[in-house]
Structure formats: structure tokens, C-alpha cells
Engineer: 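This is the structure, below, for whatever I ask next.
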Amino acid sequence: MRLKHILTTQQFSDKKTLEELFKLANKFEIWDKKRKIPQFLKGMISASVFYEPSTRTRFSFESAMLKLGGEVLTTENAGHFSSAIKGESLEDSIRIIGGYCDAIVIRHYEVGAAERAAKVSLVPIINAGDGAGEHPTQALLDIYTIWKEVGRIDGLKIAMLGDLLHGRTIHSLIHLLPLFKNIEIFLVSPKELKIPQEYKSFLRERNSRNAAAFLEFPSLAPNKSKLSPAGSLGNIKFTETEDINRVLPQIDVLYTTRIQKERFKSLKTYERVKNSFVIDEKSLKLLPKKSIIMHPLPRVSEINPIVDNDQRAAYFRQAKNGLYIRMALLKMLLA
Ligand code: NCD
């Protein structure tokens, strides 16, 4: 599939593109270890335009570009160090920056900012996080990590834990999961931070679309006698709960998230919920031996550092995978 911009994971509507991406990321990892990376992007320039802080996303995108032979322009606090401070609109900034580079990686505090940028941009726009909206490249590296660590995605039970209201990585991940079979998700959060309705509607709508397709073409149904919404092709069973201890023993993947302090209207509420869930030694005892623990990072207090020594802690490996997925994405977009 030819990618034009990367704005949302909803663009990734077929498994083939993901397979292509994962294979390429894998090749880049091998080439990188041998220090023999084909210079696919020689002569090209990417611009990182970040209106919100970042460590992993910006550095891994820039490292990816440099490793592929390209070059980077960067502003890490675009709200202050670009003409935004003088009142220039996002659209005008993008029009101008696009004239100096071949792709723009943008992180912004407003939902929909990347889409607005794409409307006026002459070069590909990559959404590196738009407020509490989406973070598609993170979700792609998350799925890649699950595939690498567990060996499959179909049939997995995944718990998403923490700030499901503001967590853009969760939002992007949810849009990807219907590509896989028999997934079950547990949405575990304090009640103030439950997943927005639109993501539940998305899952329900996907499930009913599948059920309708099976009724029309029964041969598509994996189990013809059982057209239940849960557990068939592309269907996702999901449960909302606050009871993490009941969920932990049942899952293959624990996806933990940071409580997004910067998005709270009231710091009082933040203080009340910030330590609702902490993964520690006790949680490790409840988690199955073959499960993995993920986190997009940065973590604050959601995962006790004692967990880092456990083989199931996959979050640092997950962050490293970001480099290879972003190399593959840049190649697919630009080469
Ligand atoms: C995430 C983000 O920015 O949304 N970080 C990342 O890109 N790895 C998660 C977070 O900030 O909590």
C-alpha cells in the first residue's frame, strides 16, 4: 500500500500493509546490527515540528532518518521557537516548512492538528501525537512488539490500564485491533479516566458489521453455528472494569499507560487518581508466566522499577522497536 500521510491507525485497514511494515522493520533491525543499512533516503530531509515534549518519538524518528541516509530539521518546542509565538497559524507554518523538507513529523496539543496540517501540506505529514487524539506510529510499534514478543496477535487477551480517556496510544491501538481474530480486551481505569464513548462505538460498529457480513455470507463465519458477536473474525470482546487483580491472571499482554497530568482540567482530580494502579511485585505474581508488560513510556509511578528485571517487562524493548518501525514507515512513505 502506498502511504501518503500517517494520521490515524484507521488508515491501516488491511493486514497486508502491516505484514509488509513488520517484515521491513525486521530487515532494518538486522541491517542495523550489521551496520549495513541501505541509504534509501539519501538526499531527503524530514522536519520534526514538536509543540509538545518528546523523547522516544522525536529521537527515534530522527535517528531513523539519519540511519537511512537522510537529514533532519528539528524544533523541539515549536510553540516557542517557531513563528507560532508570533501568532502564525499551524496551516501557514506547515505550508512554509513543507517547502524546506520532504516530510513533516508533527506533535501537537490539539486533537486533529495533524489532519489540519495534512490538508495544506505539500509533503507527507506524520502524526506523532495530536493531543488526546491519536499516536498512530506508536500503536504500529506496539503491535509489532506484541508480534515479536508473543509470536501472534490473533486470540490474545489484552488489558489496557491507566488513563484510557487521554491516552492517545490506546486510542490508536484500538483502531488497529479489529484487523486480528478473537481478541479480547479489558479496559481497566479509574472511572474518571474511562475510554471515550467513540472508541467503544467503533468496536461495537465493527462487531455488528462483521455479524451482518456473516449472515449475508455464512461461509465467512469461522464457526457457522455460532454467530455471536464475540470471538469471531475481527470481533473484539471488551469489558470495562476497575478490578485489575481479577484481570491480571487472565491476560497475555498488559499495556500500562501514564496518567496524563498535562491534560487534566483540575489538578485535584489528578492527585486523586494518579496512583490508582501500580504494577509491582504483587502484580508479577498474578500475571501468567508467558505474558508481557508494555508501556509506551515515559512512566511515572505506574510501574515500580523492581518490575524492570522481570523477563516479562517488554517496555524498553518496545521503545527500541520504535526505531525500526519508524525506519520502515519513512521508507514506505518516501523511498
Ligand atoms: C506517549 C505519548 O506521547 O502519547 N509517549 C510516547 O510517545 N512514547 C505516552 C505518554 O506521554 O504518556
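The structure presented is a predicted model; accordingly, all values stated were derived computationally and were not measured. Remember, it's 1-based here, ligands and their atoms both numbered in the order they're listed.
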Engineer: Return the closest protein heavy atom for atom 11 (O) of ligand 1 as residue, atom name and distance.
Structural biologist: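 Answer, as residue, atom name and distance: R258 NH2, 3.0 Å.
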
Engineer: Among all protein heavy atoms, pick out the one at the shortest distance from atom 9 (C) of ligand 1; state its residue, atom name and that distance to 0.1 Å.
Structural biologist: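 Result: L297 O, 3.7 Å.
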
Engineer: Short N/O distance, under 3.5 Å, between H135 and ligand 1?
Structural biologist: yes

Engineer: Do the rings of F28 and F40 sit parallel, tilted or perpendicular, given the 30° and 60° boundaries?
Structural biologist: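 Perpendicular: the ring planes of F28 and F40 meet at over 60°.
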
Engineer: Determine, using the 4.5 Å side-chain heavy-atom cutoff (strictly less than), whether L177 and I146 are members of one ILVMFWY cluster.
Structural biologist: yes

Engineer: Identify the closest protein heavy atom to atom 4 (O) of ligand 1: which residue and atom is it, and at what distance?
Structural biologist: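 Scanning the protein heavy atoms, the shortest distance from atom 4 (O) of ligand 1 goes to R168 NE, 2.7 Å.
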
Engineer: Please check if the number of heavy atoms outside E192 that lie under 6.0 Å from its CD is greater than 12.
Structural biologist: yes

Engineer: Could you tell me if R258 and H295 have a donor-acceptor pair between their side chains, going purely by distance under 3.5 Å?
Structural biologist: no

Engineer: Please list, chain by chain and in numerical order, all residues satisfying ring pair (Phe, Tyr, Trp, His ring centres under 6.0 Å) with F238, sequence neighbours excluded.
Structural biologist: none

Engineer: In the protein, what heavy atom is nearest to atom 8 (N) of ligand 1, and what distance, to one decimal place, separates them?
Structural biologist: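 The answer is P296 O, 2.9 Å.
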
Engineer: If the cut-off is 4.0 Å to any non-hydrogen atom of T57, which atoms of ligand 1 fall inside it?
Structural biologist: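 Counting atoms of ligand 1 from 1, those under 4.0 Å from T57 are 6 (C), 7 (O).
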
Engineer: Does E52 come within less than 4.0 angstrom of ligand 1, counting non-hydrogen atoms of the residue?
Structural biologist: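 Flag not set, E52 not near ligand 1.
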
Engineer: Count the heavy atoms of every other residue, nucleotide or ligand shown that sit under 6.0 Å from CD of E115, and state whether that count exceeds 12.
Structural biologist: no

Engineer: May I ask you to list the atoms of ligand 1 that are less than 4.0 angstrom from any heavy atom of R107?
Structural biologist: 3 (O), 7 (O)

